[in-house]
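In what follows, a structure is listed as structure tokens, so that the remarks can point back to it.
What you are looking at is a predicted structure, and each value in this text was computed from that prediction instead of being measured. For the numbers below, each heavy atom of this structure counts, side chains included, while hydrogens, waters and symmetry mates do not.
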Amino acid sequence: MEGIRLVRLRQEPERREAMARWFHERWGIPQEVYEESMAKCLTGQAAVPQWYLLVEGEAVAAGAGVIENDFHDRPDLRPNLCALYVEACCRRKGLARRLLDEVRRDMGRLGEERLYLVTDHVGFYEKCGWEFLTLVSDLEGQPERMYTAKTD
């Protein structure tokens, strides 16, 4: 989609509160959890965590983050792309793939060689260059699919 640009929280820190609220409203995780992670991002002390949006003007089309562990039992499989969400009106336009690619490039520039993610989707991430790695367990012991991709 033309006119959509990538926002990196570390480059636009004034978006922190609105960004935390946006993710909270999509995923139901307390806004304070996002705000805490975003505050760590803004210290600039480490590559992880990071937070991203795709925006058109001021309207958010999609977003994702990178955190150490996305609530699973394999802390060695890190960092994790998390909270990927594309607004319903923006789906089927390649924005999820674009965001995945942008995050991989950015994390590569920050020194990370590989990313991981957990999902229950089958087929989508493979089309975006991710490989199924293994099953992991979430915090309740339920199996989740773990994918991985090299950064660019």
Side-chain angles (χ1 to χ4, degrees), residues 4-56 58-87 90 94-121 124-126 128-152:
I4 293 185
R5 70 180 185 90
L6 179 70
V7 169
R8 295 172 183 88
L9 176 62
R10 69 180 185 272
Q11 294 173 334
E12 298 186 33
E14 68 278 3
R15 290 182 178 267
R16 186 175 91 187
E17 185 179 337
M19 191 181 278
R21 184 173 46 256
W22 185 85
F23 280 103
H24 158 70
E25 290 170 353
R26 271 61 192 173
W27 292 106
I29 294 171
Q31 184 171 331
E32 297 78 24
V33 172
Y34 290 109
E35 288 176 358
E36 182 179 317
S37 179
M38 291 175 186
K40 287 180 187 174
C41 168
L42 293 174
T43 68
Q45 295 176 347
V48 178
Q50 294 296 322
W51 292 93
Y52 306 89
L53 295 175
L54 289 177
V55 299
E56 184 172 24
E58 288 302 310
V60 176
V66 176
I67 58 176
E68 285 293 326
N69 181 288
D70 197 10
F71 309 106
H72 59 78
D73 66 345
R74 291 289 306 272
D76 57 313
L77 302 177
R78 54 100 20 229
N80 292 185
L81 187 128
C82 69
L84 176 65
Y85 190 89
V86 178
E87 293 290 357
C90 299
L95 293 181
R97 180 185 302 256
R98 177 178 168 188
L99 188 54
L100 289 166
D101 291 346
E102 295 268 15
V103 171
R104 285 171 59 185
R105 275 192 292 278
D106 193 54
M107 293 306 297
R109 285 190 294 268
L110 292 173
E112 296 292 338
E113 295 180 12
R114 184 166 287 281
L115 292 175
Y116 300 86
L117 64 81
V118 290
T119 185
D120 56 3
H121 292 287
F124 173 74
Y125 289 100
E126 291 90 340
C128 296
W130 292 70
E131 299 173 13
F132 173 74
L133 180 65
T134 189
L135 291 176
V136 298
S137 296
D138 67 15
L139 297 179
E140 286 83 42
Q142 297 300 308
E144 293 183 296
R145 297 176 62 81
M146 173 68 73
Y147 285 79
T148 187
K150 289 183 178 180
T151 61
D152 297 335

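The two atoms that bring I4 and A61 nearest to each other are CD1-CB, 4.2 Å, heavy atoms only. Across F23 and M38, no two heavy atoms sit closer than the pair CD1-CE, 3.8 Å. Counting all heavy atoms, side chain and backbone alike, E112 lies closest to P79 at OE1-CD, 3.4 Å. Between Y34 and A83, the closest heavy-atom pair is OH-CB, 4.4 Å. Considering every non-hydrogen atom in both V48 and V66, the closest pair reads CG1-O, 3.8 Å. Pairing each heavy atom of H24 with each of I29, the nearest pair is ND1-O, 2.8 Å.
Salt bridge present: D106 and R109 bring a charged side-chain N and a carboxylate O closer than 4.0 Å. Remark: R5 does not engage E102 in a salt bridge, criterion side-chain N to carboxylate O under 4.0 Å.
Between the side chain of D70 and the backbone N or O of C82 there is no donor-acceptor pair closer than 3.5 Å. For T151 (side chain) and R105 (main-chain N/O), no donor-acceptor pair under 3.5 Å exists by modelled atom type.
Aromatic ring pairs are classed by plane angle as parallel below 30°, tilted from 30° to 60° and perpendicular above 60°; the pair Y147 and Y125 is tilted.
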message = Pair T134, L77 - check side chain to side chain contact (heavy atoms under 4.5 Å, CB included), show working.
response = CA-CA 10 Å; T134 189; L77 302 177; 4.3 Å; yes

query = Does the side chain to side chain contact (heavy atoms under 4.5 Å, CB included) test come out yes or no for E12 and V55, once each step is laid out?
reply = CA-CA 12 Å; E12 298 186 33; V55 299; over 6 Å; no

request  = In sequence, state the C-alpha distance, the side-chain angles, and the governing distance for Q50 and R8, and then conclude on side chain to side chain contact (heavy atoms under 4.5 Å, CB included).
outcome  = CA-CA 8 Å; Q50 294 296 322; R8 295 172 183 88; 5.7 Å; no

query = When you look at F124 and T119, which way does the side chain to side chain contact (heavy atoms under 4.5 Å, CB included) test go after all the steps?
reply = CA-CA 10 Å; F124 173 74; T119 185; over 6 Å; no

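Heavy-atom neighbours of Q11 CD from other residues, nucleotides or ligands within 6.0 Å: above the threshold of 12. Within a 6.0 Å sphere centred on CD of Q31, other residues, nucleotides and ligands contribute more than 12 heavy atoms. Crowding of E113 atom CD: a count of heavy atoms from other residues, nucleotides or ligands under 6.0 Å not exceeding 12.
Considering V7, L42, I67 in turn, I67 is the only one that fulfils the side-chain contact (heavy atoms from CB on, under 4.5 Å) rule with W51. Evaluated for a salt bridge (Lys or Arg N to Asp or Glu O under 4.0 Å) with E68, the options K40, R74, R78 yield exactly one hit, R78.
Looking at heavy atoms from C-beta onward, D138 lies out of side-chain contact with H72 at the 4.5 angstrom threshold.
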